[in-house]
Peer 1: 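Dropping the structure in here first, questions after.
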Amino acid sequence: MRYTLLADGSSDAVLRYILNWLIERHTTACFEPQWADLRKLPKVPKTLTERIRVAVSLYPCDLLFVHRDAERESCEKRIAEIQQAVSDATSKPVVCVIPVRMQEAWLIFDEIAIRRAAGCPNGKMPLDLPDLSRIENEPDPKTLLHTLLRVASGYHGRRAKQFQPNVHTHRLGELITDFGPLRRLPAFQALESDLVHALRKIGCPALT
């Protein structure tokens, strides 16, 4: 089977690691992940409805994940936006992926993985990660994660200026092996519940 992730931006493709982990917790079905990269199309679709329609056409799938960061809006409003766009664009089963603020909030919990992703696994620089229970209240989790990666790298001077946090953020998604701690977060709970419902809808065998 195949799933397609339609995300807000290119850096959000890291969400695939989280989705893969969740799918493996709930079904024995094997999914091939696809990221709907619409940036290089001759005419980039503007509205969410158009983006969904094009994504399903270019990246045929059994299940579609639509990501929107909540940012300053409520999760409920983002869900309503996605559901409206979906109803106008496709009949495919759709799962809403809506981190509070932005997806980087779901990567700021594994200190060991952050140090490894930054290229300094044995570093001793204090990182001072926020408590996971309060991570959804962080006003700018993207900047926070990039700062943590820079600090964890131990780089100074020219090397610090050359450090590319987006690249290391993607590596961080690869390195985290257990996203279970995120189950404490309401937004993540909503994603998992939505996914379980969608897997049942398309007849995926559940884990016993």
Side-chain angles (χ1 to χ4, degrees), residues 3-23 33-39 44-56 59 63-90 94-110 113-114 117 129-149 164-174 176 179 181-195 198:
Y3 78 73
T4 294
L5 169 61
L6 176 61
D8 272 350
S10 59
S11 63
D12 300 315
V14 71
L15 287 166
R16 287 176 294 181
Y17 301 110
I18 296 175
L19 301 180
N20 292 343
W21 183 88
L22 275 174
I23 289 172
Q34 303 179 116
W35 171 48
D37 187 359
L38 310 182
R39 295 171 298 165
V44 179
K46 300 298 183 182
T47 69
L48 183 56
T49 299
E50 292 173 341
R51 292 174 64 225
I52 291 172
R53 188 178 292 119
V54 172
V56 172
Y59 301 88
L63 185 60
L64 177 66
F65 290 92
V66 179
H67 160 249
R68 296 292 309 279
D69 284 331
E71 296 179 334
R72 293 178 177 82
E73 303 291 348
S74 67
C75 288
E76 291 75 17
K77 183 173 181 178
R78 290 300 191 209
I79 290 172
E81 290 174 356
I82 292 173
Q83 290 176 339
Q84 179 59 55
V86 166
S87 67
D88 295 334
T90 182
V94 173
V95 176
C96 300
V97 185
I98 309 176
V100 171
R101 306 296 185 196
M102 50 193 70
Q103 57 89 4
E104 284 82 3
W106 285 352
L107 299 174
I108 309 174
F109 70 92
D110 190 328
I114 289 173
L129 269 64
D131 187 271
L132 184 58
S133 64
R134 297 194 299 272
I135 196 63
E136 293 185 333
N137 296 322
E138 284 291 331
D140 190 353
K142 183 174 185 175
T143 297
L144 174 59
L145 177 58
H146 287 184
T147 299
L148 289 169
L149 287 167
Q164 297 180 316
N166 282 331
V167 174
H168 295 272
T169 296
H170 188 85
R171 179 63 176 148
L172 175 58
E174 290 183 301
I176 296 176
F179 291 95
L182 296 180
R183 283 172 160 158
R184 295 164 54 188
L185 305 178
F188 193 83
Q189 294 169 11
L191 166 61
E192 186 165 18
S193 176
D194 203 7
L195 172 61

Peer 1: Could you pull out all residues at least two apart from Asn137 that satisfy side-chain hydrogen bond (donor to acceptor under 3.5 Å, both in side chains)?
Peer 2: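 Partners of Asn137 by the side-chain hydrogen bond (donor to acceptor under 3.5 Å, both in side chains) criterion come out as none, since no residue qualifies.
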Peer 1: To the nearest 0.5 Å, what is the distance between CG (Leu48) and CZ (Arg53)?
Peer 2: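 The CZ atom of Arg53 is 10.5 Å from CG of Leu48, to the nearest 0.5 Å.
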Peer 1: If the condition is side chain to side chain contact (heavy atoms under 4.5 Å, CB included), which residues does Pro181 pass it with, not counting sequence neighbours?
Peer 2: Phe109, Leu132, Asp178
Peer 1: Determine whether Glu138 and Pro130 make a side-chain contact, defined as any pair of heavy atoms from C-beta on separated by less than 4.5 Å.
Peer 2: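 When only atoms from C-beta onward are counted, Pro130 and Glu138 do touch, with a gap below 4.5 Å.
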Peer 1: Does Ser193 reach the main-chain N or O of Gln189 with its side chain, forming a donor-acceptor pair under 3.5 Å?
Peer 2: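 Such a contact is absent between Ser193 side chain and Gln189 backbone.
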Peer 1: Under the salt bridge (Lys or Arg N to Asp or Glu O under 4.0 Å) test, which residues partner Glu174, sequence neighbours left out?
Peer 2: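 Expected list: Arg171.
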Peer 1: Applying side chain to side chain contact (heavy atoms under 4.5 Å, CB included), name anything that partners Arg183, two or more places apart in sequence or on another chain.
Peer 2: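 For Arg183, the residues satisfying side chain to side chain contact (heavy atoms under 4.5 Å, CB included) (neighbours in sequence not counted) are Trp21, Arg25, His26, Phe188, Glu192.
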Peer 1: With sequence neighbours left out, what residues match Thr143 under side-chain hydrogen bond (donor to acceptor under 3.5 Å, both in side chains)?
Peer 2: Asp140
Peer 1: Which pair of non-hydrogen atoms, one from Ile82 and one from Cys96, has the smallest distance, and what is that distance?
Peer 2: CG2-SG, 3.7 Å
Peer 1: Return the CG to CG distance between Leu148 and Leu129, rounded to the nearest 0.5 Å.
Peer 2: 5.5 Å
Peer 1: Among all residues two or more places apart in sequence or in another chain, which pass the ring pair (Phe, Tyr, Trp, His ring centres under 6.0 Å) test with Tyr59?
Peer 2: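 Applying ring pair (Phe, Tyr, Trp, His ring centres under 6.0 Å) to Tyr59 gives none.
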Peer 1: Between Ile114 and Leu149, is there a side-chain heavy-atom distance shorter than 4.5 Å?
Peer 2: yes
Peer 1: Sub-3.5 Å donor-acceptor pair from the side chain of Asp194 to the main-chain atoms of Ala190, do we have one?
Peer 2: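 Side chain of Asp194 to backbone of Ala190: no pair is present.
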Peer 1: Just verifying a value: how many Å separate Leu6 CG and Phe65 CZ, rounded to the nearest 0.5 Å?
Peer 2: 12.5 Å
Peer 1: Nearest 0.5 Å, please: how far is CG in Leu182 from CG in Asp110?
Peer 2: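 Between atom CG of Asp110 and atom CG of Leu182 there are 10.0 Å.
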Peer 1: Under a 4.5 Å cut-off applied to non-hydrogen side-chain atoms, are Tyr3 and Val95 in contact?
Peer 2: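 A side-chain contact under 4.5 Å is absent here.
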Peer 1: With distance as the sole test, does Asp69 use its side chain to make a donor-acceptor pair with the main-chain N or O of Asp8 at under 3.5 Å?
Peer 2: no
Peer 1: So, taking the atom named CD1 in Ile108 and the one named OG1 in Thr169, what distance separates them when rounded to the nearest 0.5 Å?
Peer 2: 9.0 Å
Peer 1: So, do His170 and Arg16 sit near enough that their side-chain heavy atoms are less than 4.5 Å apart?
Peer 2: yes
Peer 1: Locate the shortest heavy-atom distance separating Ile135 from Ala105; write the atom from each residue and the value.
Peer 2: CG1-O, 3.5 Å
Peer 1: Check ring pair (Phe, Tyr, Trp, His ring centres under 6.0 Å) between His146 and all other residues, then give those that pass, not counting sequence neighbours.
Peer 2: none
Peer 1: Just by modelled atom types, is the Val97 backbone N or O under 3.5 Å from a matching donor or acceptor in the His67 side chain?
Peer 2: no
Peer 1: Could you give all pairs that pass the salt bridge (Lys or Arg N to Asp or Glu O under 4.0 Å) test and reach residues 75-88, with sequence neighbours left out?
Peer 2: Arg68-Glu81, Glu71-Arg78, Glu73-Lys77, Arg78-Glu81
Peer 1: Of the non-hydrogen atoms in Arg51 and Lys46, which two are nearest, and what is the gap between them?
Peer 2: CD-O, 4.1 Å
Peer 1: Going by side chain to side chain contact (heavy atoms under 4.5 Å, CB included), name the residues that satisfy it together with Val100, two or more places apart in sequence or in a different chain.
Peer 2: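 Partners of Val100 under the side chain to side chain contact (heavy atoms under 4.5 Å, CB included) test: Cys75, Glu136, Ala187.
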Peer 1: Testing the basics here: between Ala117 and His168, what is the closest heavy-atom pair and its distance to 0.1 Å?
Peer 2: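 For Ala117 versus His168, the nearest heavy atoms are O-ND1, 2.8 Å.
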Peer 1: Tell me, please, which residues at least two apart from Gln83 pass side-chain hydrogen bond (donor to acceptor under 3.5 Å, both in side chains).
Peer 2: none
Peer 1: Under the side-chain hydrogen bond (donor to acceptor under 3.5 Å, both in side chains) rule, collect the residues that match up with Asp12, sequence neighbours excluded.
Peer 2: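 By the side-chain hydrogen bond (donor to acceptor under 3.5 Å, both in side chains) rule, Asp12 matches Gln103.
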Peer 1: Testing the basics here: between Val14 and Gly173, what is the closest heavy-atom pair and its distance to 0.1 Å?
Peer 2: CG2-CA, 3.7 Å
Peer 1: With sequence neighbours excluded, what pairs up with Arg134 under the salt bridge (Lys or Arg N to Asp or Glu O under 4.0 Å) test?
Peer 2: none
Peer 1: Please find the pair of heavy atoms, one from Leu172 and one from Leu107, that lie closest to each other, and give the distance.
Peer 2: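 In this case the closest contact between Leu172 and Leu107 is CD2-O, 3.6 Å.
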